[in-house]
Structures are given as C-alpha cells and as structure tokens.
Amino acid sequence: KIHSMTTAPLFYETLQFHDLLPKDPLYGPDIVVQVWDNDRTAPNTPMAMLRIPLAECVVLASDAARTPTPTWRALTDMNGAPHGRAELLVSAGLIKKRDLGEKFDRPEDITPQCRQAWVEVTCLGVRQLKAYRLRAPHEPYVRVDVPAPRDGGQYFRTRPSRKPSARNANFIERKILPVEMPENALFAQQMDLRVYDARGLAAPLLGACTVDLATKMSWNADDYEAPQSELFDDTEHLRIA
C-alpha cells in the first residue's frame, strides 16, 4: 500500500510468492525489495532497494509457522551503493510445498500489540533556513506527523511565522497527540517533521527530519530517555568534575 506524508511508513504486510526454487538456496536468486516514491503528476521514482539471499531466509515447517522475527537491514540505491542511513525492517522465510499448486491460508495479521500513548511536541523555531530555488523563505511553518499502524496516526501544523525573520522564525507552540504505540520498541515509529514555506497556493518543502520515538517510550527500559534529561547532561558533568 502507498503511504503519504512520511519517510518512515508502517506497512505490516505479508507478501507471498509461489515458485520453484533450487533445493540448495546458495544457487537460488536473491529476494529483491524496492522502495518507490509515488508521484501523482510524474512517473514514480525508485528510491532504494534491498537484496536478501535465500540462504539467509528461515525455513518454515508450514504456512502456519510463526513469522520470523524481523531485523533492520540497510538499504542501497538502485545501483547497490550505500543509501545513507536508510533501513527496512523485514523478515523472509521459505515454506516447502508438496507441489506448486498447493494453496496456503491467508497470512495472519502481523501488526504488533500496541498501547495508547501521548506524544508531546514543542515547536520553538527554526534557524538559518536556506533559499528555495533562489527565493528566500517567505513565511515558514512546521508540519509534524506521527504515524500509527491502525488509525493512521496524528498530525498537526504550526501557524506560519516570520518573526523575528523568515529564515529564523519562531513558532512557540505545544501540542499533545494521542497515538497508538507498540509494546515492543523494535516496532517504534518515527516522528516526521517538515518545514514548508507558505507562498499562496504553493508551499515548497524547505527541510525535513525524523525523531526516533523508541527512546521516548517509558516502557522501553533499555533505551528510554526521560523528558528534558538531555538538558542537564552538561551541568551534571561539570558538577561531577
């Protein structure tokens, strides 16, 4: 399925392919996964890809067997070169069939168990925005998206601002978003932040980043970072010294 307004979509889909493969997986083809960007007004664009050798796939006893635990795998560009920090959370398994025509049941839902949580976002401002197509920023605003597996997640946008200047606009807005979040931090979603420039009917994208919410989950004992705790790191270091 296509997911809009996010650089970290949540798919939770199982794809099945029925084919003949060599008994020795070393002689089999790689599983090729491609990530494309859907464009309504232009041809779709290939963004990244991943190759999974058959030898790395878990062999399952039947289609009713438990789905292998997914792992994060680094993506490459379409030529196989490194693609920055882009990753895909995925698992792959091989199921032996008695014959090619054997039918499998519909795959079970792999959406992880979730709990209701609240994400607090405080947008203070931006600094040193660059020009877009040689035009200086006019009146930027921030859009914040927090995806969720079942309800699509939540989003909000700040009011456009050019105070004290468009390049260094202040927003000073705080929002609390109710969002479903997974119990297992492995499946934690990313929060997308985008800065747009309000220019009449057009609103070009000036910049974007993501925030990993795994460290914001209080039930994630291994990686949880308490709110505002990073503000006191330097002070604590000086006090100990």
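For the single chain, residues carry numbers from 1 onward in sequence order.
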What's the separation between atom CD in Gln116 and atom CD in Glu180, rounded to the nearest 0.5 Å? 6.5 Å

Contact between Leu193 and Thr210 at the side-chain level, heavy atoms closer than 4.5 Å - yes or no? no

Measure the shortest side-chain to side-chain distance between Pro147 and Pro9 over non-hydrogen atoms and say whether it is less than 4.5 angstrom. no

Polar side-chain atom of Asp37 near backbone of Thr45 as donor-acceptor pair, under 3.5 Å: no

Atom pair OG1/CZ of Thr14 and Arg106 - distance to nearest 0.5 Å: 10.0 Å

Residues 195-206 vs salt bridge (Lys or Arg N to Asp or Glu O under 4.0 Å), sequence neighbours excluded, gives Asp197-Arg199

Checking Val179, Leu177, Val121, Asp212 against Met191 for side chain to side chain contact (heavy atoms under 4.5 Å, CB included), the one that qualifies is Val121

Apply side chain to side chain contact (heavy atoms under 4.5 Å, CB included) to Val33 and Leu88, showing your working. CA-CA 9 Å; Val33 183; Leu88 180 67; 3.7 Å; yes

So do the side chains of Met78 and Gln34 get within less than 4.5 Å of each other, counting heavy atoms only? yes

Side chains of Asn220 and Ser218 only: does a donor on one sit below 3.5 Å from an acceptor on the other? no

To the nearest 0.5 Å, atom CE of Met47 lies from atom CG of Asn38 at 12.0 Å

same_hphob_cluster(Val146, Phe171) at 4.5 Å side-chain heavy-atom cutoff: yes

Side chain proximity check, Val58 to Leu94, heavy atoms < 4.5 angstrom: no

Gln16, CD atom: more than 12 neighbouring heavy atoms under 6.0 Å: yes

Side-chain contact, heavy-atom cut-off 4.5 Å: Arg174 with Ile176? yes

Could you tell me whether the side chain of Ser91 and the main chain of Thr69 form a donor-acceptor pair under 3.5 Å? no

Check whether Phe104 forms a cation-pi arrangement with Lys97 (NZ or CZ under 6.0 Å from the six-membered ring centre, at most 45° off the ring normal). yes

Please tell me whether Trp72 and Ile110 are part of a single hydrophobic cluster in this structure, the criterion being side-chain heavy atoms less than 4.5 Å apart. yes

Under 3.5 Å, is there a donor-acceptor pair linking the side chains of Trp118 and Glu120? no

Hey, what do you get for OG (Ser161) to CD (Glu173), rounding to the nearest 0.5 Å? 9.0 Å

Please determine whether side chain to side chain contact (heavy atoms under 4.5 Å, CB included) holds for the pair Arg66 and Leu60, giving the CA-CA distance in whole Å, both sets of side-chain angles, and the decisive distance to 0.1 Å. CA-CA 8 Å; Arg66 183 178 179 181; Leu60 304 177; over 6 Å; no

Tell me, do Asn170 and Lys163 make a side-chain contact under 4.5 Å, heavy atoms counted? no

Does Leu129 belong to the same Ile/Leu/Val/Met/Phe/Trp/Tyr cluster as Tyr132, with side-chain heavy atoms less than 4.5 Å apart forming each link? yes

Stepwise side chain to side chain contact (heavy atoms under 4.5 Å, CB included) test for Leu213 and Met181: CA-CA 9 Å; Leu213 295 182; Met181 300 192 69; 3.7 Å; yes

Would you say the side chain of Phe11 lies within less than 4.5 Å of the side chain of Lys1, judging by non-hydrogen atoms? no

Can you measure from OH (Tyr141) to SG (Cys123) and round to the nearest 0.5 angstrom? 13.0 Å

Residues forming a salt bridge (Lys or Arg N to Asp or Glu O under 4.0 Å) with Arg157, sequence neighbours excluded: none

Listed once per pair and sorted, the salt bridge (Lys or Arg N to Asp or Glu O under 4.0 Å) pairs that draw on residues 73-96, sequence neighbours left out: Glu56-Arg73

Rounded to the nearest 0.5 Å, how far does CD of Gln189 lie from NZ of Lys216? 13.5 Å

Derivation and outcome, side chain to side chain contact (heavy atoms under 4.5 Å, CB included), residues Leu54 and Asp30: CA-CA 6 Å; Leu54 289 185; Asp30 291 344; over 6 Å; no

Please determine whether the number of non-hydrogen atoms from other residues, nucleotides or ligands lying under 6.0 Å from atom OH of Tyr155 exceeds 12. no

Ionic contact status for Arg143 with Asp145, cut-off 4.0 Å: yes

May I ask you to decide if Ala81's main-chain N or O and Asn79's side chain share a donor-acceptor pair within less than 3.5 Å? no

Can you find a heavy atom in the side chain of Leu89 that is under 4.5 Å from one in the side chain of Phe187? yes

So does Tyr27 get a backbone contact from the side chain of Asp24, meaning a donor-acceptor N/O pair under 3.5 Å? no

Any side-chain donor near an acceptor of the partner, Thr215 and Asp223, under 3.5 Å: no

